[in-house]
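Working notes for the structure below.
Treat the numbers as computed from the prediction; the structure is a model and nothing was measured.
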Amino acid sequence: MVGSQCLVAFRNSSGEIHAYTSPVSSYGTQLAEGALSFNVPRIGAEYSNNEFIIFATLELPAGRTSFNQAWQNGAVSGQALTAHVQSGDNMRSFGSIDFANGELGGGGSSVTSRQRRRNVHGILNAVSWGVLMPMGAVFARYLKVFKAANPAWFYIHVACQTSAYIVGVAGWGTGLKLGSDSTGIEFTTHRNIGITLFCLGTLQVFALLLRPKPDHKYRLYWNIYHHAVGYAVISLAITNVFQGFDALNGQKNWKRAYTGVIIAIGAIAVLLEAFTWFIVIKRKKTDSNKHTQNGTNGTVNPYGNGTHQQA
């Protein structure tokens, strides 16, 4: 983080342990050696049991003994350190220390707030784009085959998709805020898919206002557009939810729960697809039989009931 005052130790390519101080003045830093904002008269390190232990003497600023602290580890490339992983335990390695009494504490309020926003962002988007959107599509595809469900299926579909869009926009907004507050931490694929989802979802909402009547000559083209964009949104949404879980490395229970929900929705869709085809085929056979019977019973005898005599 920019502004951090670092104590650094690593084993260089010659096998020697090098310990030094490094101020972080920009993101993408390679932790070059330099003086800190406070004096460090002595620093050294040792390596034991796959761990580095840094020993240092610090001259604290006047009137202050409590500080926030963070610790990280990263790979070494030649004589330089590379960036640490920006997910999982590396994003939770923080706390506070009071040098006056030796007390250790949890993370600062700003980090806790950021973690809370990440959780809210994940929940909003998983529920909206990842659950409500697929459910709305299932209602639209499989309820309308039942004549008694018309037009209820349409209103249920609109309610699901509109709710998903509204909640999804809220989740998208929290994502933008997280990105602006986390300069230097990027999840490019997750961000790009999220922007694409927002654009396509907005197009779907506005397309609802331009929906032609069933007998309109452009209704077929509108249906093709609506279905294509809708299925694209659902596919991208599910993909991006899993991208988000990967960014929140360590939230395996959430990932398992969401996987179970998606499997359940998929299984229901498969069963309803088979049932829908059964009803459609049965209905076609019934209609065909009715037409055949009407054609037989409806034949007209042009001569009435009498016997036709040839001249």
For the pair Q204 and L200, evaluate side chain to side chain contact (heavy atoms under 4.5 Å, CB included) and give the outcome as yes or no after the intermediate values. CA-CA 6 Å; Q204 284 288 72; L200 292 178; 5.8 Å; no
Please lay out, stage by stage, how Y225 and L203 fare under the test side chain to side chain contact (heavy atoms under 4.5 Å, CB included). CA-CA 10 Å; Y225 154 81; L203 284 176; 3.5 Å; yes
Would you check, one step at a time, whether the test side chain to side chain contact (heavy atoms under 4.5 Å, CB included) holds for N125 with N240? CA-CA 9 Å; N125 284 286; N240 213 32; over 6 Å; no
L60 and F67: side chain to side chain contact (heavy atoms under 4.5 Å, CB included), yes or no, with the steps? CA-CA 10 Å; L60 303 181; F67 297 85; 3.9 Å; yes
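For CH2 of W222, the number of neighbouring non-hydrogen atoms (other residues, nucleotides, ligands) closer than 6.0 Å is greater than 12. Remark: F38 CZ is packed, more than 12 non-hydrogen atoms of other residues, nucleotides or ligands lying under 6.0 Å away. Other residues, nucleotides and ligands contribute only 12 or fewer heavy atoms inside 6.0 Å of the OH atom of Y218. Within a 6.0 Å radius of OH in Y221, other residues, nucleotides and ligands contribute 12 heavy atoms or fewer.
When hydrophobic clusters are built by joining Ile, Leu, Val, Met, Phe, Trp and Tyr residues whose side-chain heavy atoms come closer than 4.5 Å, directly or via intermediates, Y142 is not grouped with V280. Follow the hydrophobic side-chain contacts under 4.5 Å out from M135 and you reach F154 in the same cluster. One hydrophobic cluster, built from ILVMFWY side chains closer than 4.5 Å, holds both V233 and V205.
Residues T202 and Y165 form a side-chain contact, since some pair of their non-hydrogen atoms from C-beta on lies under 4.5 Å apart. No side-chain heavy atom of W129 sits under 4.5 Å from any side-chain heavy atom of I234. L208 is not listed as a side-chain neighbour of H226, based on a closest heavy-atom distance of 4.5 Å or more. Residues K144 and N150 have side chains not in contact (no heavy-atom distance under 4.5 Å, counting atoms from C-beta outward). Using a 4.5 Å cut-off on side-chain heavy atoms (C-beta onward), I156 and L143 make contact. Looking only at side-chain heavy atoms (C-beta outward), L178 and R118 come within less than 4.5 Å of each other. At a threshold of 4.5 Å between non-hydrogen side-chain atoms, the residues E46 and I53 count as touching. Between C6 and T21 the shortest side-chain heavy-atom distance does not fall below 4.5 Å.
How far NE2 of H190 is from CD1 of I195: 10.5 Å, rounded to the nearest 0.5 Å. Here the CG atom belonging to N192 is positioned 10.5 Å from the CD atom belonging to Q243, to the nearest 0.5 angstrom. Put simply, CD1 on I43 and CG on L7 are 4.5 Å apart, with the number rounded to the nearest 0.5 Å. Separation of atoms CZ (F245) and CZ (R256) is listed at 11.5 Å; rounding is to 0.5 Å. In this structure, the separation between CZ on R191 and OG1 on T196 is 10.5 Å, given to the nearest 0.5 Å. To the nearest 0.5 Å, atoms CG (L58) and CG (L36) are separated by 8.5 Å.
Not one N or O on the side chain of R42 forms a donor-acceptor pair closer than 3.5 Å with the backbone of T57. Checking side-chain atoms of H157 against main-chain N and O of G136 turns up a donor-acceptor pair under 3.5 Å. Checking side-chain atoms of E33 against main-chain N and O of S22 turns up no donor-acceptor pair under 3.5 Å. Between the T162 side chain and the A159 main chain, no donor and acceptor come within less than 3.5 Å of each other.
The ring of F242 has its center closer than 6.0 angstrom to the ring center of Y258. Here the two rings, on H18 and Y20, have centers that are under 6.0 Å apart.
When all heavy atoms of P134 and I265 are compared, the closest pair comes out as CB-CG2, 4.4 Å.
Each salt bridge (charged side-chain N to carboxylate O under 4.0 Å, His left out) pair with one or both residues in residues 257-276, not counting sequence neighbours, appears once here: R141-E273.
Ring pair F198/W172 is parallel by interplanar angle, where below 30° counts as parallel and above 60° as perpendicular. Taking the six-membered ring for Trp and thresholds of 30 and 60 degrees, Y231 and H227 have ring planes inclined between 30 and 60 degrees apart.
Under the 6.0 Å distance and 45° angle rule, R11 counts as a cation-pi partner of Y47.
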